[in-house]
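Each remark here refers to the structure printed beneath this line.
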There are 2 protein chains.
Amino acid sequence: MSGEEKKRIPKTTVYRLSVYYRALSNLEEEGVDSISSADLSEIAGFSAAQIRKDLTYYGQFGRPGRGYVVSHLKSQLRTILGIDRDWSVALVGVGRLGRALLAYKGFRKQNFIIEAAFDNDPEKVGKEFSGVRVYHQDEMDKVIRSKKIEMGIVTVPEEVAEIIVAKLIDAGIKAILSFAHLPSIFSNGIKVNQVDLSIEMEGLSYYLTHSK
Amino acid sequence: MSGEEKKRIPKTTVYRLSVYYRALSNLEEEGVDSISSADLSEIAGFSAAQIRKDLTYYGQFGRPGRGYVVSHLKSQLRTILGIDRDWSVALVGVGRLGRALLAYKGFRKQNFIIEAAFDNDPEKVGKEFSGVRVYHQDEMDKVIRSKKIEMGIVTVPEEVAEIIVAKLIDAGIKAILSFAHLPSIFSNGIKVNQVDLSIEMEGLSYYLTHSK
DNA sequence: CAAATCAAGTGAAAAATTTAACAAGTTATT
DNA sequence: AATAACTTGTTAAATTTTTCACTTGATTTG
């Protein structure tokens with residue numbers, strides 16, 4: 001009531017909220033307009049109790065006896081996840097992977113707008129890939145600040161990843177998705193999500209090795 | 001002693017083993033030959049107690065007063081992770097992302113050998129990308145079985161991902177890395193790791209929205 | 001309109017995971 | 001050779017996360 005009510009939110013809850021959001025988007029497309037936690041459970045792959053518990057960290061979105069209104073819950077999740085607005089994104093490293101991501105339609109659909117790309121190859125600087133202009137890495141600070149970019153995607157080779165991340169942070173970026181492995185020293189107040197293909201493959205290898 | 005000693009291993013332990021492995025690889029390159037859990041802790045970003053605990057699920061690899069011999073622990077982790085051997089991999093979906101992954105040197109370096117690629121575009125079938133031959137999707141079962149491929153990487157559009165995964169499973173594949181979002185119905189005995197860019201970006205969005 | 005059914009929200013219990021603390025083994029030092 | 005300084009492996013404690021069970025609100029049915 002009065003005073004802050006900060007319940008500790010499990011780290012994995014946010015991930016699950018994204019999964020619920022995706023499931024609800026699909027349900028909406030299928031024309032389903034309301035759903036119970038039990039039914040959502042089957043689609044999302046987490047227990048009904050888990051779903052209800054996750055949601056109540058943020059409020060009350062359903063009605064006893066009725067379940068959740070799909071469009072309403074979806075909209076609430078958009079707000080909770082912060083995707084009820086556009087986000088400006090910079091991509092650093094216009095190699096094959098970088099260009100694949102620049103061409104990926106999913107980002108724009110989700111309101112993540114890649115406003116600028118950076119590379120140090122003079123061949124690429126000044127060009128556009130999938131409609132995104134490539135700037136020289138030395139212009140990162142200037143361009144990021146002038147375009148008020150808030151997120152970074154890092155697709156540079158491993159060897160320079162750390163330097164690039166430092167540059168992004170210097171330019172005021174506080175949230176980064178890196179495809180290069182980084183030594184795990186995250187400055188405080190900076191969120192770095194890593195997509196590490198080697199680790200993913202090793203997870204598969206471990207599974208196959210220990211499951212027979 | 002006698003009887004199986006199956007301690008329950010936390011789900012996140014395997015992920016951390018990969019991180020330790022990566023840290024040890026770097027240490028070895030730097031010529032460090034032994035390290036304490038306390039020092040490894042700083043590099044890997046997990047507590048020393050956590051590291052020791054994770055390792056003891058699999059055996060005793062260090063010596064009191066001495067720490068761990070880098071080359072030995074690294075080698076033990078290779079065995080535990082199952083990466084002390086080659087793995088044959090198939091990649092399905094030779095779009096931009098698929099081709100970027102085919103060109104990625106890291107897989108081969110880690111003993112994940114992409115032996116075949118699949119697509120349904122007649123333009124691509126029969127060609128090679130980064131030395132990997134592209135087969136038609138209809139040949140998946142035949143090629144996967146004849147080449148004894150054990151893992152799959154899925155880089156097809158979202159709409160067909162589910163069908164492709166089903167085909168891979170039919171062909172005997174039990175471990176899959178998917179870049180397309182999948183409805184989370186994993187058949188039993190099949191490991192599916194998903195790399196979902198939208199969810200990663202939403203994690204960043206959530207962080208920025210709730211951290212100010 | 002009473003009874004039965006459904007289903008969210010929630011506090012308590014259970015389970016899982018992490019951290020802490022320490023006994024025991026190892027090495028270095030005096 | 002005894003003492004001090006390290007550092008693992010491990011048991012116990014603390015914390016975190018998930019599941020359970022139940023109360024309450026809502027709807028439907030007889």
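Residue numbering restarts at 1 for every chain, and letters A, B, ... go by the order of the sequence lines. Heavy atoms only: backbone and side chains are in, while hydrogens, waters and symmetry mates are out.
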(request) On DNA chain D, check which nucleotide each of P64(A) and R66(B) is closest to and give me the residue with the more 5' one. (result) R66(B)
(message) Let me confirm one number: the CD1-CG distance from I153(B) to L177(B), rounded to the nearest 0.5 Å.
(response) 5.5 Å
(message) Can you list, in residue-number order, the parts of residues 47-62 of chain B that come under 4.0 Å of DNA chain D, counting heavy atoms only?
(response) R52(B), K53(B), T56(B), Q60(B), F61(B), G62(B)
Between side-chain atoms of residues 73-80 of chain A and protein atoms elsewhere (two or more places apart, or another chain), which donor-acceptor pairs fall under 3.5 Å?
{"residue": "K74(A)", "atom": "NZ", "partner": "E28(A)", "partner atom": "OE1", "Å": "2.8"}
{"residue": "R78(A)", "atom": "NH1", "partner": "Y21(A)", "partner atom": "OH", "Å": "2.5"}
{"residue": "R78(A)", "atom": "NH2", "partner": "I83(A)", "partner atom": "O", "Å": "3.1"}
{"residue": "T79(A)", "atom": "OG1", "partner": "S75(A)", "partner atom": "O", "Å": "3.2"}

(message) With a sphere of 6.0 Å drawn around NZ of K174(A), does it hold more than 12 non-hydrogen atoms of other residues, nucleotides or ligands?
(response) no
(request) Sort out for me which residue in V156(B), V154(B), V160(B) forms a side-chain contact (heavy atoms from CB on, under 4.5 Å) with V165(B). (result) V154(B)
(message) Looking at Y57(B), I want to see if its OH is surrounded by more than 12 non-hydrogen atoms of other residues, nucleotides or ligands under 6.0 Å.
(response) yes
(message) Any residue in residues 10-22 of chain B with a heavy atom nearer than 4.0 angstrom to DNA chain C? Just list them by number, or reply none.
(response) P10(B), K11(B), T12(B), R16(B)
Validation: residues 93-109 of chain A side-chain donor-acceptor distances under 3.5 Å, sequence neighbours left out:
{"residue": "R99(A)", "atom": "NH1", "partner": "V94(A)", "partner atom": "O", "Å": "3.1"}

(message) I'd like the 5' and 3' limits of the part of DNA chain D contacted by chain B, with heavy-atom contacts below 4.0 Å.
(response) dC6(D) to dA12(D)
(request) To the nearest 0.5 Å, tell me how far M140(A) CE sits from D170(A) CG. (result) 8.5 Å
(request) Within residues 28-39 of chain B, find the residues that approach DNA chain D with a heavy atom at under 4.0 Å, and present them sorted by residue number. (result) S36(B), S37(B)
